[in-house]
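Hydrogens, waters and symmetry mates play no part in the numbers below; they use all other heavy atoms, side chains included. Small disclaimer: the values here were computed from a predicted structure and weren't measured. A note on names: the letters A, B, ... follow the listed sequences, proteins ahead of strands, and every chain is numbered from 1.
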2 protein chains.
Amino acid sequence: MEHKSQNCQYKLMAVRDTLEVIRGKWRIPILISLTYGNKRFGEIQRDITDISPKMLSQELKELEANKIITRTLYDSMPVTVEYALTPLGHSLNKLLNELLEWGIHFRNEVIGK
Amino acid sequence: MEHKSQNCQYKLMAVRDTLEVIRGKWRIPILISLTYGNKRFGEIQRDITDISPKMLSQELKELEANKIITRTLYDSMPVTVEYALTPLGHSLNKLLNELLEWGIHFRNEVIGK
DNA sequence: GTAACTACTTACCGATAGGTAACTACTATA
DNA sequence: TATAGTAGTTACCTATCGGTAAGTAGTTAC
């Protein structure tokens, strides 16, 4: 069973990379919001009503650092900033969808019962 | 765009349920380990070499409380305990696979570059 | 009797995550 | 001059997460 255990080790490494990028309470919700199109700071805040500006700002920076989103400043008046998914960010789409689908399934199976 | 924003709110609710169940550093790795078959406490520890018995015990309890795994005690000598995925646990398979696939993708795109 | 294997538990501690409230800086409008 | 809208920042605090080290309890082998 040598290769079976090595395969497990490999998987454990890969999921850790993913978890590192998406961890915490807010990053996934932010990404969900951005799948509906490019958004400004205030628009994301209005989607995720219970996020504080501190957490939103902090998590947007982390997502930008990991090349998941881009931040574009427009010097309109007043200044607006637009956040958008990168191609790497869009590549999370299937994962986001599974998080969604399983949440629905879980609610039907456990919470609903 | 009324239904578009309502759809977003619905998704945000569902992913929160999922995140609640799988959150933290260890639950996903534990589930990955159990996809290779039913395992004893010590076997999971040997898969996930850097988990402490405290965290393993704690997270196994949480997963059991959420009906994701079962705990079966055999009064062999010495006592052995077997952990196994429930059908609900197995229903996480696609999600686990996406976490894995994206981790590989991310490594190729960002870390590997 | 002592070491080793099973599966944990407990106490303690430091690091990180996240919440609250107030404040900043710039521009436009009344 | 005051208010509102843009997008944040800062200080402070608490709660949760996770790590370390040691101890528990029962059985078996030496």
Discussion item. According to salt bridge (Lys or Arg N to Asp or Glu O under 4.0 Å), who are the partners of A:Arg71, at least two apart in sequence or on a separate chain?
Written reply: none

Practice prompt. Using a 3.5 Å limit on both pairing distances, list the dot-bracket string of DNA chain D from the 5' end; Watson-Crick and G-U wobble pairs count, crossing pairs take [ ], interstrand pairs take |.
Written response: ||||||||||||||||||||||||||||||

Item to complete: Would you jot down, in residue-number order, the residues of residues 55-67 of chain B having a non-hydrogen atom under 4.0 Å from DNA chain D?
Response: B:Met55

Practice prompt. Using a heavy-atom cut-off of under 4.0 Å over every strand shown, decide if A:Thr80 touches base, sugar-phosphate, or nothing.
Written response: sugar-phosphate

Discussion item. Closer than 4.0 angstrom, basic N to acidic O: yes or no for A:Glu59 and A:Arg27?
Written reply: yes

Practice prompt. Using a 4.0 Å heavy-atom cut-off across all strands, classify B:Tyr83 as base, sugar-phosphate, or nothing.
Written response: sugar-phosphate

Worksheet item: For B:Thr80, which residues count as a side chain to side chain donor-acceptor pair (under 3.5 Å) partner, sequence neighbours excluded?
Response: B:Ser76

Discussion item. Which residue in the set A:Leu12, A:Val15, A:Thr18 passes side chain to side chain contact (heavy atoms under 4.5 Å, CB included) when paired with B:Leu100?
Written reply: A:Val15

Practice prompt. On DNA chain D, reading 5' to 3', which nucleotide is the first and which the last to sit with an atom under 4.0 Å from a heavy atom of chain B, could you check?
Written response: D:dC17 to D:dT28

Item to complete: Could I get the full list of side chain to side chain donor-acceptor pair (under 3.5 Å) partners for A:Glu98, not counting sequence neighbours?
Response: none

Worksheet item: Of all residues at least two apart in sequence or in a different chain, which pass the salt bridge (Lys or Arg N to Asp or Glu O under 4.0 Å) check with A:Lys39?
Response: A:Asp47

Fill in: Nearest-0.5 Å distance, CG of residue A:Leu60 to CD1 of residue A:Ile68
12.5 Å

Donor-acceptor contacts under 3.5 Å from residues 48-55 of chain A side chains, at least two apart:
unit_1  : atom_1 : unit_2  : atom_2 : d
A:Asp50 : OD1    : B:Arg16 : NH2    : 2.9
A:Asp50 : OD2    : B:Arg16 : NH1    : 2.9
A:Ser52 : OG     : A:Met55 : N      : 3.3

Practice prompt. Tell me, please, which residues at least two apart from A:Glu20 pass salt bridge (Lys or Arg N to Asp or Glu O under 4.0 Å).
Written response: A:Arg23

Discussion item. For the OG atom of B:Ser33 and the NZ atom of A:Lys11, what is their distance to the nearest 0.5 Å?
Written reply: 11.0 Å

Hey, can you pull the donor-acceptor pairs under 3.5 Å for the side chains in residues 88-97 of chain A, sequence neighbours left out?
unit_1  : atom_1 : unit_2   : atom_2 : d
A:Ser91 : OG     : A:Leu88  : O      : 2.5
A:Ser91 : OG     : B:Trp102 : NE1    : 2.9
A:Ser91 : OG     : B:His105 : NE2    : 3.4

Worksheet entry | Near-strand residues of residues 10-44 of chain B, defined as heavy-atom separation under 4.0 angstrom from DNA chain C | B:Arg40, B:Phe41, B:Gly42

Practice prompt. Show your working on side chain to side chain contact (heavy atoms under 4.5 Å, CB included) between B:Tyr83 and B:Asn38 and close with a plain yes or no.
Written response: CA-CA 6 Å; B:Tyr83 295 94; B:Asn38 302 356; over 6 Å; no

Worksheet entry | Counterpart residues, salt bridge (Lys or Arg N to Asp or Glu O under 4.0 Å), relative to B:Glu64 (two or more places apart) | none

Response to the item:
note: A:Lys54, atom NZ; C:dT24, atom P; distance rounded to Å ~ 19 Å

Item to complete: Specify the separation, in whole Å, of atom CD of B:Glu82 and atom P of C:dT6.
Response: 15 Å

